[in-house]
Amino acid sequence: MSLVASAGGHSYLHAGKGFSLSKPKRYKLGPRAALVEASPRVNGSPSPMSMHLLPTRRAEDLQAEARALARAVGASVYTPELLVNKYGSRPVKAVKRTLEILVALGYFAFKLFLDQKKGTLDQNKRKRAVELRTIFTRLGPTFVKLGQGLSTRPDLCPPEYLEELSWLQDALPTFPDADAFSCIERELGLTLDSIFSAISPAPIAAASLGQVYKAQLKNSGQTVAVKVQRPGIEEIIGLDFYLIRGLGFFINKYVDIITTDVVALIDEFARRVYQELNYVQEGQNARKFKMLYADKEDILVPDIFWDYTSGKVLTMEWVDGVKLNEQAAIERQGLKVLDLVTTGIQCSLRQLLEYGYFHADPHPGNLLATPEGKLAFLDFGMMSETPEEARFAIIGHVVHMVNRDYEAMARDYYALDFLSTDVDISPIVPALRDFFDDALSYTVSELNFKTIVDGLGAVLYQYPFNVPPYYALILRSLTVLEGLALYADPNFKVLAASYPYFAKRLLTDPNPYLRDALIELLFKDGRFRWNRLENLLVQGSKDRDFSAKDALQPVLKLLLGPDGEDLRTLVIKEAVRVTEAVILGSVVNTYNSVPSFLRTLMFNGNGNGPLAMSSAELQSMMELRDQVFRIWGLLRSSESFDPALLQPILQVLQQPEARSLGGRVAGGITQRLAARLLQHFLRMPSVPTSSL
């Protein structure tokens, strides 16, 4: 069994070879702490026997969390003033570290200068990107974090740098176990013997911010992961950010090629890293994430043990599992990587577009396949949020992309906060058209997400875009998931796996912005695009949460609402066209079933039969009727479909607006059929009369 734990922003897999827990020694017994256990589980769910205890456990959990917060009351919160006050009066230390950084980065900058002089800047991009990754690793945890942050910023870095920096891994040596054990006792106010009946003699994982031990709680015997913060890490990171901010001011003032406010970017990133240093905050992040997303049976989030958690110590439920990029190990457990990746994609979309609270560091080590087939999320130190208005704007952006409405796509960047409102989008539209016209020549199932991201990143890099952190991070999340899937299936496409979710949201979400996006997708030049509706229903029905009931009623409410007059006009025209197709299609079927000699007698040899229309017009009408019937069949095939679901629709149709709408449709149909009938009689050959 592989064992996985998370340490300071990254997770590591330990093969478990020769691994054993050892009893704590040379530690005196201390006062026992109350343990708040995770609820007993039956097949992954709380057992019925424990359900009546949940309110009591919840109260105890909140009390324990409050005690953990009290222990972390002294944790630092990032502010620029904090750095100035702390390091502004220590010039010798600052100068020494500055020289170390400048020597490393200055030599790299000199190489870039030579490349530019020789005209080999583009040719050497990949080589220089590898060198920068090596430099960041050597400079320590702050620069490792900084490089990982830059790997999500297509507005700052060319694609070659984005790819290389995304491979950055924490690779620092462990610190002494005695220091870690002393930290646990100091932070929790308890001796090690009073907390654990056994603890691993050495860390099973180590990273830039801390290292992890496997232990067994004395009170319950439950196996837990104990993360302990690296001594002096705040001092190292604080000094580095103080110096980097100074560099940011220099870049803002003298480097014209970078249009983003670099100091603001550094402050935002430093704020997130400082949050990672507060392990109580990480525990709260995990609790919130679990509450929002672990309602799905295929998602697992470890429980937090608050009485053994502080600002520098985090105790959580131990998770047995395999990293998501270990395909062979996953398959040995009888699991499929693609199933787990699809689960991850669906969860990522929910994080981005439903609640807006998402995991900001979704690299393979933080995503584990459990033996039960669940996808486990680890390491909640770095989280981010998508603003509510941006969630809907992103879905609208996808609609505009599908419609190839590049002007609307460019305007979306205002709503997404990519561009300030004073930026002229006219030169951006041709760049979007040049890229997406080629990319969208493929079907959705053929589109490669990384290609889209790289191409869009190249556009962003050329213009004054400022990509918000939430957007860059979610792109990275989906790119990582697609990369993992490609190991198992070279033909896997994350957009194809995501499309059912987008289709379901468009069809079922009553939000006005999404309803408008749906109308925009379905109507073009005053005509309803039935093929689009059919495709949305086919794709949406693949999402396990799709409901035909939800797809029907919000549309009707919008159609019959006080602001629906423009839509009603379009729907009336389309309803007349569809009803005519159904009626005349039935007439054609009846006519074709009549023996040929009777047709001649009935219609006096008129080759057009009962209808005065061309063959092409008749074929188009029959195709429309068949498509409408297929769509109705898709709705009826939904598991949630029940004739009783139509009762609320009938109630809506009884409203005055609906009766008026029905009258207008009936009137239109009558006019169209009367015109058809008149055309038929005018085109019939005249019957010769007898001469007098």
Side-chain angles (χ1 to χ4, degrees), residues 1-30 32-33 35 37-38 68 71-72 141 170-233 276-280 282-283 286 302-321 323 365-366 368 376 378-381:
M1 177 65 68
S2 296
L3 306 173
V4 185
S6 171
H10 288 271
S11 303
Y12 296 81
L13 182 144
H14 178 73
K17 223 174 189 182
F19 178 83
S20 63
L21 294 175
S22 65
K23 292 185 178 180
K25 296 180 179 179
R26 62 181 188 78
Y27 294 98
K28 297 180 180 178
L29 293 176
R32 295 176 65 85
L35 174 66
E37 296 182 59
R71 285 191 289 271
D170 295 299
L172 296 180
T174 61
F175 57 90
D177 299 318
D179 292 347
F181 296 152
S182 296
C183 179
I184 294 173
E185 293 189 322
R186 183 173 61 254
E187 286 287 311
L188 302 181
L190 301 167
T191 62
L192 213 63
D193 281 349
S194 68
I195 305 171
F196 308 115
S197 57
I199 189 168
S200 57
I204 54 96
S208 60
L209 301 187
Q211 57 196 37
V212 172
Y213 295 84
K214 184 179 182 182
Q216 194 172 57
L217 290 174
K218 194 166 188 176
N219 276 19
S220 66
Q222 184 160 352
T223 303
V224 294
V226 185
K227 182 157 69 172
V228 185
Q229 193 169 112
R230 184 178 294 275
I233 189 66
E276 283 194 78
L277 294 176
N278 184 349
Y279 286 174
V280 172
E282 180 175 344
D303 289 311
I304 304 299
F305 294 89
W306 292 108
D307 269 320
Y308 304 114
T309 294
S310 71
K312 297 181 179 180
V313 176
L314 177 63
T315 302
M316 69 184 77
E317 179 184 3
W318 181 266
V319 177
D320 288 323
K323 288 195 293 186
N366 286 339
L368 312 179
L378 295 181
D379 194 348
F380 302 91

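All figures in this text were calculated on a predicted structure; none of them were measured in a lab.
Under the 4.5 Å side-chain criterion, counting only non-hydrogen atoms from C-beta, Pro203 is in contact with Asp177. Taking the side chain as every heavy atom from C-beta outward, Glu282 and Asn278 never approach each other to under 4.5 Å. Between Val224 and Gln216 the shortest side-chain heavy-atom distance does not fall below 4.5 Å. Here the side chains of Lys214 and Ile199 are not in contact, with every heavy-atom distance at 4.5 Å or above. At a threshold of 4.5 Å between non-hydrogen side-chain atoms, the residues Leu209 and Arg230 do not count as touching. The shortest side-chain heavy-atom distance between Trp306 and Val280 falls under the 4.5 Å cut-off. Residues Leu368 and Val319 form a side-chain contact, since some pair of their non-hydrogen atoms from C-beta on lies under 4.5 Å apart. Here the side chains of Ile184 and Val228 are in contact, with some heavy-atom distance below 4.5 Å.
Checked by atom type, the side-chain pair Thr174/Gln211 shows no donor-acceptor distance below 3.5 Å.
Outside the 6.0 Å centre-distance limit, the rings of Phe196 and Tyr213 are not counted as a close aromatic pair.
Of the inter-residue distances, the one linking Glu317 atom CD with Leu217 atom CG reads 11.0 Å to the nearest 0.5 angstrom. Expressed to the nearest 0.5 Å, how far CG of Asp379 lies from CG of Asn366 amounts to 4.5 Å. Atom CZ of Arg71 and atom CG of Asp307 lie 6.0 Å apart (nearest 0.5 Å). With rounding to the nearest 0.5 angstrom, the CD1 atom of Ile195 is 6.5 Å from the OH atom of Tyr308. Atom CH2 of Trp318 and atom CD of Gln222 lie 12.5 Å apart (nearest 0.5 Å). Here the CG-CD distance, from Leu190 to Glu185, works out to 8.5 Å after rounding to the nearest 0.5 Å.
Annotation: cation-pi geometry not satisfied between Lys312 and Tyr279 (NZ/CZ under 6.0 angstrom from ring centroid, within 45° of ring axis).
Contact detail for Val226 and Ala215: the closest heavy-atom pair is CG2-CB, 4.1 Å. The two residues Phe175 and Ala180 have their closest heavy-atom pair at CE1-CB, 3.6 Å. Pairing each heavy atom of Ile304 with each of Met316, the nearest pair is CD1-CB, 3.9 Å.
For Ser310, the side chain to side chain donor-acceptor pair (under 3.5 Å) partners at least two apart in sequence or on another chain are Glu187.
Remark: the backbone N or O of Asp193 is paired with a side-chain donor or acceptor of Lys218 at under 3.5 angstrom.
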